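These notes concern the structure reproduced below.
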Number of protein chains: 2
Amino acid sequence: MSIESPEIHQPSTATPKELLASTLFLLARAGMAIKTRTLDELEKAGFGMYQYSVLALLGEGDLPTQRLIASELGLDRSQLVGVLDGLEERGLIMRRRDPDDRRRHTVSLTPEGKRELVRIRTMIARLEDSALKALDGESRQALHAALERIVVDNDWCGPAR
Amino acid sequence: MSIESPEIHQPSTATPKELLASTLFLLARAGMAIKTRTLDELEKAGFGMYQYSVLALLGEGDLPTQRLIASELGLDRSQLVGVLDGLEERGLIMRRRDPDDRRRHTVSLTPEGKRELVRIRTMIARLEDSALKALDGESRQALHAALERIVVDNDWCGPAR
DNA sequence: TATTGTTATACTCTATAACTATA
DNA sequence: TATAGTTATAGAGTATAACAATA
């Protein structure tokens with residue numbers, strides 16, 4: 001069934017069957033949709049993707065320099081500045097000059113930052129439940145295992161490149 | 001094991017374990033990586049993602065208006081103009097005025113456009129083999145089925161939104 | 001007046017380079 | 001001089017608005 005009815009066009013936009021038959025396409029489509037949806041939810045809470053990434057990273061411990069944070073997240077140190085500014089203005093992180101090397105800033109979560117991180121994690125967990133609700137527990141486990149193998153095998157563990 | 005060794009920083013960028021444990025994150029990560037990798041390969045052949053999308057869409061048959069193509073691909077009709085220009089300059093598509101309504105352009109693939117589409121499909125098939133090589137046939141089938149259920153259940157069949 | 005394709009404009013992201021203060 | 005953080009600049013990509021031809 002080819003694309004017809006030039007006048008009756010609601011936001012129909014059925015995806016071509018050829019593409020739905022491709023596992024690669026399904027993966028890309030699902031990945032993009034998840035990213036978009038997560039970004040939407042984050043924005044409702046006033047955050048960008050990088051701001052969440054910073055909170056999540058700092059949730060594992062303070063980091064001694066901004067350069068290191070940038071490198072971990074795969075972005076330039078100059079881009080990171082604005083991200084941190086936004087978080088600092090809201091009192092979620094703290095920059096402290098390193099007394100031993102006054103060029104450096106040690107960055108850490110404030111107590112409020114830790115609470116915010118928990119809220120975001122809860123939101124994302126809800127999102128995951130919602131996105132995967134069509135799969136039973138066993139299928140979810142299999143999906144997770146398959147994705148993990150793919151990500152590791154292709155060395156996609158680092159930041160997007 | 002927290003992040004240490006501030007001086008010894010190669011492009012290490014190990015992804016936090018918390019994130020690797022999330023199926024949603026793995027999906028997003030894999031999807032993004034696939035999109036980036038496909039885009040890279042397309043660019044080597046001198047195409048953008050939308051140009052490929054147009055070729056793939058027209059591969060299923062001519063379309064009577066540019067507006068319809070734009071709507072199918074989920075972009076604005078003004079954005080589509082430049083995409084089509086590039087394809088037309090290279091002789092891969094043809095715009096023909098509709099004699100019954102001279103505002104409209106019917107767009108179709110040229111023979112060379114059809115050949116180019118075949119080449120791109122071959123390239124993407126190679127990419128899929130490479131990306132999924134860690135999975136055996138059975139796992140691939142299960143992965144495909146799971147992704148299909150997710151995409152349909154969440155109504156992610158249309159263009160990215 | 002409404003619609004099709006087009007052009008022009010503005011806004012967001014990101015990537016790069018230049019600047020300062022420290023070492 | 002080299003490095004950490006910052007600021008400024010430029011480019012791609014995209015979203016919106018204005019425009020000319022046709023209905």
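Every chain is numbered from 1, with letters handed out A, B, ... down the list of sequences. All of these numbers come straight from a predicted model, not from anything done at the bench.
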Leu80(B) CG - dT4(C) P separation (whole Å): 13 Å
Interatomic spacing from CG in Leu68(B) to CG in Leu57(B) - rounded to 0.5 Å: 8.0 Å
If I take atom CD in residue Glu88(A) and atom C1' in nucleotide dT6(D), what distance separates them, rounded to the nearest angstrom? 13 Å
At less than 3.5 Å, do the side-chain atoms of Arg77(B) and the base atoms of dG5(C) form a donor-acceptor pair? yes
Atom CD of Gln141(B) with >12 non-hydrogen neighbours under 6.0 angstrom: no
Using a heavy-atom cut-off of 4.0 Å across all strands, would you classify Asp76(A) as base, sugar-phosphate, or nothing? base
More than 12 heavy atoms from other groups under 6.0 Å of NZ on Lys114(A): no
Would you say Gln79(B) places a side-chain N or O within less than 4.0 Å of OP1 or OP2 belonging to dT16(D)? no
Arg67(A) has a side chain; which of dT14(C), dG5(D), dT4(C) sits nearest to it? dG5(D)
Nearest-Å distance for atom pair CD/C1', residues Glu43(A) and dC13(C): 13 Å
From CZ of Arg102(A) over to C1' of dT20(C), roughly how many Å is that when rounded to an integer? 13 Å
Provide, to the nearest angstrom, the distance between the CG atom belonging to Asp101(A) and the P atom belonging to dA2(D). 17 Å
From Glu112(A) CD over to Arg90(A) CZ, what is the distance, rounded to the nearest 0.5 angstrom? 9.5 Å
At 4.0 Å (heavy atoms only), tell me whether Arg97(B) reaches a base, stays on the sugar-phosphate, or touches nothing. nothing
Met49(B) CE - dG13(D) P separation (whole Å): 12 Å
Closest nucleotide among dG5(D), dG5(C), dT16(D) to the Ser78(B) side chain: dT16(D)
How close or far is atom C1' of dA4(D) from atom CZ of Arg95(A), stated in whole angstroms? 12 Å
Kindly say if Arg103(A) contacts the phosphate of dG5(D), meaning a side-chain N or O under 4.0 Å from OP1 or OP2. no
Cluster overlap Val81(A) with Leu58(A), hydrophobic side-chain contacts below 4.5 Å: no
Would you mind reading off the distance between Gln66(A) atom CD and dT3(D) atom C1', rounded to a whole angstrom? 13 Å
